[in-house]
Amino acid sequence: MEPSFKQNLSYEDKIIYLNSLLYVMAPKTTSRCEYIRKQAKDIGFPAKELSKIKKNLKPETASLELLKVRDLKTRRYIIREMIMLAINDHELSDAEMCDIYKIGAAVGIKEEKINDFFLWAAQGIEWQIEGISLVEEDL
């Protein structure tokens, strides 16, 4: 399911996916807009309809939206993507982390699975930093 999970989303699921990513993203910036446009393109969401994508302000709202995705594996992928994106900016607050746990639990994802996703994302960031260091050391 991994390589194609984004392509197999229904139109409504695509909106929920993009909304979920926006939930964990920083305030509107050029890089955020570019990232969302790229994700929309990757999932086959029409660029002209991006105005339908609005940031959820509360975890309860995000949870209710994500519950509309019927497949648990797809909900897991979306939560995992949210975590990866939240950690990637290196500014994940305790409140944001708590909100992601609330959303995940509300949509039927066990806490230990959410822990695994956070660990996976953190290891990925460490791996990227180490890769940069390997390239740049001894210059």
With heavy-atom distances below 4.5 Å as the criterion, would you say the side chains of Tyr17 and Tyr77 are in contact?
no
Side-chain touch Ile83/Ile114, heavy atoms, less than 4.5 angstrom
yes
Between atom CG of Asn19 and atom CD of Glu12, what is the distance when rounded to the nearest 0.5 Å?
10.5 Å
Got a donor-acceptor contact below 3.5 angstrom from the Ser20 side chain to the Ile16 backbone?
yes
Any sub-3.5 Å donor-acceptor pair from Arg75's side-chain atoms to Val107's backbone N or O?
yes
What distance separates Leu64 CG from Glu60 CD, expressed to the nearest 0.5 Å?
8.0 Å
Please examine the side chains of Val69 and Leu66, heavy atoms only from C-beta on, and report whether any two atoms are closer than 4.5 Å.
yes
To the nearest 0.5 angstrom, please state how far the CD1 atom of Ile87 sits from the CG atom of Leu119.
9.0 Å
Side-chain heavy-atom pair Met82, Ile79 within 4.5 angstrom cut-off
yes
Measure the shortest side-chain to side-chain distance between Met84 and Trp120 over non-hydrogen atoms and say whether it is less than 4.5 angstrom.
yes
State, with a plain yes or no, whether a side-chain heavy atom of Ile78 is found less than 4.5 Å away from one of Asp13.
no
Shortest non-hydrogen contact from Val24 toward Ala86:
CB-CB, 4.0 Å
For Asp42, give me all partners under salt bridge (charged side-chain N to carboxylate O under 4.0 Å, His left out), at least two apart in sequence or on another chain.
Lys38
With heavy-atom distances below 4.5 Å as the criterion, would you say the side chains of Gln128 and Ile125 are in contact?
yes
As an exercise, state the distance from CD1 of Ile109 to CG of Asn115, rounded to the nearest 0.5 Å.
12.0 Å
Please answer whether the main-chain N or O of Pro59 pairs with a side-chain N or O of Lys102 as donor and acceptor at a distance below 3.5 Å.
no
Measuring from atom CD of Glu130 to atom CH2 of Trp127, what distance do you get when rounded to the nearest 0.5 angstrom?
10.0 Å
Over all atoms of both residues, closest heavy-atom pair of Leu85 and Leu21
CD2-O, 3.7 Å
Working to the nearest 0.5 angstrom, can you tell me the gap between Glu49 CD and Tyr11 OH?
3.5 Å
For the residue pair Phe117 and Arg76, establish whether any side-chain heavy-atom pair is separated by less than 4.5 Å.
yes
